[in-house]
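Report on one structure; see the data block that follows.
As a basis for the values below, the full set of heavy atoms in this structure was taken, side chains included, without hydrogen atoms, waters or symmetry mates. Read the numbers this way: they start at 1 and go in the same order the structure lists the ligands and their atoms. Along the sequence shown, residues are numbered consecutively beginning with 1.
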Amino acid sequence: MKKATVLTSPGPARHPLLLTALATLWLVALPNIPLWRQLTNLPEVTGLRGLLFGLGLACGIAGLTHALLSLLNWRWLLKPVLTLFLLSAASGAYFMWSYGIVIDANMIVNVVQTDPREAADLLNWRLLLSLGVLGALPVWWLWRQPVREIPWLRQVGGNALSFIASVVLLVVSLMLIYQDFASVMRNHTQLRYMINPLNSFYAIGRVAAQPLERDNGKIEPIGQDARLALPAGAAPAVVLVVVGETARAGNFGINGYERDTTPRLAREDIVSLRNVWSCGTSTAASLPCMFSHLGKEAYEKRSSNHESLLDVLHRAGLAVVWVDNQSGCKGICARVPSISTTALKVSPHCDGGECHDEVMLHELDKRIAELPAERRAKGVVVFMHQMGSHGPAYHKRVPPAFKRFQPECASNALQQCERQQVVNAYDNTIAYTDHFLAESIAWLKKHSGPSALIYVADHGESLGENNLYLHGLPYAIAPDVQKRVPWITWISPALAQQRGLRKSCLQDKQMAPISHDHYFHSVMGMTGARSAEYRAELDIYGSCMAP
Ligand SMILES: [Zn+2]
């Protein structure tokens, strides 16, 4: 009897983990060259420290890539998956290297919508060479390797262990370089779209998931029954609502900070709440949430977008204007008059090339006078969106005359400054906000009628505690300093009298747990607006006013 010929490919059967590990090494080292090139061009990471940062980042990316491969490591799946990774990475590397692009959801939409002529324009021998060397070559090698068969139960255990080990590698690497990592990723957001080939997979996932997510094109109206509920014959009030930026409650002298960062507010008759929690840890997360009637929990689970607090105040008949000295209102002011002050050339506020927050008070009377008279007769609500303490270049937020705490970090690479210098630069921004708020109160005092100021920040900031800088960590793991925000109220005697407001009642809430969930309803309470969305139990002012 003739023995059956045993068909084997060259070489011994490979353990699947060896293949995933080799593929990971290849992917991190070669198709990520555009990322490594970009890193060497960054001013923040140079010399030995830069090298260690690069190594740490490479280990982190390797951990992330291998964790994903560990989940996909099944006998018939492994080679197709590795092929997909290698070819995606090769083409991604080519486009990033040649065109200086990064790969995000928009780019994937561009690719999907490309017509054959455009695609042909992109085809050239460099692309083929890149696909050949970075993609086809390792794929050719891969398919020639026999893979050792592993009983499925051991495969499950092996994959779980390899997944855990990969995640540990990822977490430990990022922890070791966190200081540089946080700042580099924030200053150069494009880098996250250069991690190859995960950038492509993530972007494709985003594009594919879009129809399943909420309908972002549609905005549900709110406050359609909005009206004013004020005492009969009440004089129209002016309410200034200052939307603070990156202000941590603990660095305000009036909140017990050991440094006197708020000498001017300390002399005003204000109430400062000390136990206020933000909705998110970034502007993009907090701002729309603050101005939503839903509150944090419902806002995060919402199935459609809604209009904002501004729309309700506008529908109630008030004269509403949004003045923005930052990067815009994230859509919440889309349907009311708004002004950006960032590009003004007003001396001295804009002399340093960037307009400091006081510019928002410049010609404010004129801006209000331009609002419809019939609305002004019912009341005025001015929102002022501060640049505040926006990092990492704290030193740019403050005019030279207000830099009381020295020496200050004058770089945006915070981790290269002494920690105390970072704190000094940050505290100078709080001291300038103190000045700005006091000037705002002074502006209100010039009006004889009822007026009030409400100042609440969007989120806090890390200033080097546990090597954390800036903000934006996932809420569940973010330190309290990123989530505790100031909430300061000044109320003119005329308004207090008109509304029967008891200041001691508000003062009693100083340590009460309050959050951005209270914001929408409290601003409504202060302005006297009411609608079906208004919830009295979340209005910190209403409960202290005469019924
Ligand atoms: Zn912010």
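Under 2.8 Å from the Zn ion (ligand 1) lies no N/O/S atom of S282, from backbone or side chain alike. Within the 2.8 Å limit, H459 places at least one N, O or S atom next to the Zn ion (ligand 1).
Annotation: Y257 is not in aromatic contact with F252 [ring centroid separation under 6.0 Å not met]. Ring centroid separation for the pair H385 and W322 comes in under the 6.0 Å cut-off.
For D458, the N/O/S atom at the shortest distance from the Zn ion (ligand 1) is named OD2. The nearest N/O/S atom of E245 to the Zn ion (ligand 1) is OE2.
Annotation: K396, atom NZ; neighbour count of heavy atoms from other residues, nucleotides and ligands within 6.0 Å does not exceed 12.
Cation-pi geometry between R397 and Y394 is not met: the NZ or CZ atom fails to fall both under 6.0 Å from the ring centre and inside 45° of the normal.
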